[in-house]
J.: 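Quick one: the structure is below, and I'll ask about it shortly.
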2 protein chains.
Amino acid sequence: MRPIIANDNHSQPDWAAMKKQQISTTRQRGAILDALRGVVTHPTADELHRMVRQTMPNVSLGTVYRNLEIMSERGLVTKLNTAGPQMRFDGDTRPHYHVRCSRCGRVDDVAVEPVDGIDQAAGQASGYAITSHSIEFEGICPDCASGGNSEKDST
Amino acid sequence: MRPIIANDNHSQPDWAAMKKQQISTTRQRGAILDALRGVVTHPTADELHRMVRQTMPNVSLGTVYRNLEIMSERGLVTKLNTAGPQMRFDGDTRPHYHVRCSRCGRVDDVAVEPVDGIDQAAGQASGYAITSHSIEFEGICPDCASGGNSEKDST
DNA sequence: ATATCTGCAAAAAGTTTGCTTTTTA
DNA sequence: TAAAAAGCAAACTTTTTGCAGATAT
């Protein structure tokens with residue numbers, strides 16, 4: 001069970017990654033990437049906007065969207081296709097699976113080994129040229145299970 | 001490879017299923033369920049609306065949404081969490097996986113055996129009480145691969 | 001008869017876009 | 001100083017909702 005640790009002590013944003021991808025290194029972009037990498041959750045654009053605003057109060061939501069888009073194109077972050085009406089983003093671009101709490105909507109990583117050979121089987125069964133797959137588990141998170149929290153309800 | 005066949009000759013809508021689920025049997029609801037069961041694709045609400053309108057021209061989009069919602073709650077249809085901005089629906093409620101064409105956005109069934117034991121592994125790894133999982137493959141569909149069509153582009 | 005449902009239109013929610021000014025290379 | 005990006009607001013797309021009239025049990 002490989003722990004997926006958040007990168008919490010940011011002295012400097014990861015300008016190197018941006019330079020390598022040939023996108024300009026703006027303060028906002030740095031802050032957005034930092035915020036996303038600083039959490040193990042999978043925030044929506046709006047949540048990220050609120051996070052970034054704590055240190056940079058007039059970043060606009062449009063900027064957050066634009067940067068998440070460009071950074072996902074360049075492989076610095078990942079767009080998640082989880083259930084629910086909003087896009088979610090992941091600062092960990094290594095392949096891994098996700099689980100969504102059907103009660104509160106929270107999305108966590110699942111550290112199981114990638115299922116092997118399934119892309120090939122799916123290719124044969126469907127006739128598609130498969131490039132990847134994603135798995136989303138659904139269940140009740142520990143917090144919700146322990147009677148605790150009773151947030152959103154996003155089933 | 002179990003073929004998933006569409007139910008194309010509808011003499012009568014499936015009133016029995018609705019009665020069993022205690023929801024009233026309206027013409028619109030019957031037509032929507034019929035339309036969805038009549039295709040192997042996974043239409044959006046809007047596509048379904050257009051399909052139903054061919055035989056029932058003043059069904060409203062709101063009615064389509066409301067019925068898909070209630071029928072998915074009662075297990076007559078399934079809401080799909082595929083990538084892309086729109087919800088898609090599936091008239092086949094048996095557990096199975098899906099593949100989405102990254103070029104044209106089309107979504108098909110994938111007849112591979114459900115991966116066994118993975119829910120338990122995910123439960124241990126995450127601490128969630130897992131109830132289910134879904135897999136979405138991504139790739140290029142045969143039509144797009146053969147140079148043919150060049151529709152939406154929904155990557 | 002009464003509860004449920006429909007059609008319509010307006011409202012919400014989420015995301016994208018146009019434009020002007022500011023920042024980066 | 002030319003190209004890219006930010007901020008702001010308006011536009012767009014998809015889904016939900018309120019309400020009056022119609023339909024189902």
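Keep in mind that the numbers below use all heavy atoms, side chains included, and drop hydrogens, waters and symmetry copies. To find a chain, count down the sequence lines: A is the first, B the second, and so on, and within it residues start at 1.
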J.: I need the NE2-P distance between A:H49 and C:dT15, as an integer number of Å.
T.: 13 Å
J.: Take atom CH2 of B:W15 and atom P of C:dC5, then tell me their distance rounded to the nearest Å.
T.: 13 Å
J.: Is B:Q22 near enough to C:dT4 that one of its side-chain N or O atoms lies under 4.0 angstrom from OP1 or OP2?
T.: no
J.: Backbone N or O of A:V59 within a donor-acceptor pair of the A:H49 side chain at under 3.5 Å?
T.: yes
J.: Would you say B:T25 places a side-chain N or O within less than 4.0 Å of OP1 or OP2 belonging to D:dT25?
T.: yes
J.: Can a side chain N or O of B:Q28 be found less than 4.0 Å away from OP1 or OP2 on D:dT23?
T.: no
J.: Give the residues of residues 55-73 of chain A touching DNA chain C, defined as any heavy atom closer than 4.0 Å, sorted by residue number.
T.: A:L61, A:Y65, A:R66
J.: Once you round it to whole Å, what is the distance between P of C:dG14 and CZ of A:R88?
T.: 11 Å
J.: I need the CD-P distance between A:E47 and C:dG14, as an integer number of Å.
T.: 10 Å
J.: For A:D108 and A:H98, test the side chains for any donor-to-acceptor distance below 3.5 angstrom and give the result as yes or no.
T.: no
J.: Between the side chain of A:T93 and the main-chain N/O of A:V77, is any donor-acceptor distance below 3.5 Å?
T.: no
J.: Between B:T26 and B:P85, which is nearer to the 5' end of DNA chain D once each is assigned its nearest nucleotide?
T.: B:P85
J.: Mind calculating the distance between CZ (A:R29) and C1' (C:dT22) to the nearest angstrom?
T.: 14 Å
J.: Return the 5'-most residue of the pair B:S24, A:R27 with respect to DNA chain D, ranking by each residue's nearest nucleotide.
T.: A:R27
J.: Taking all non-hydrogen atoms of both residues into account, name the closest pair between B:P43 and B:T41 and its distance.
T.: CD-O, 3.3 Å
J.: Atom CD1 of B:I23 and atom P of C:dT4: how far apart are they, to the nearest Å?
T.: 13 Å
J.: Within this structure, what is the CD-to-P distance between B:Q86 and D:dT14, rounded to whole angstrom?
T.: 4 Å
J.: Which atom names give the shortest non-hydrogen contact between B:V115 and B:Y97, and what distance separates them?
T.: N-OH, 2.9 Å
J.: Separation of B:Q21 atom CD from D:dT25 atom P, in whole Å?
T.: 15 Å
J.: So which atom in A:G30 and which in A:W15 form the shortest heavy-atom distance, rounded to 0.1 Å?
T.: CA-CZ3, 3.8 Å
J.: How many angstroms lie between CZ in B:R100 and OG in A:S134, if you round to the nearest 0.5 Å?
T.: 8.5 Å
J.: Counting side-chain heavy atoms from C-beta on, which of C:dG14, D:dA6, C:dT16 comes nearest to A:M87?
T.: C:dT16
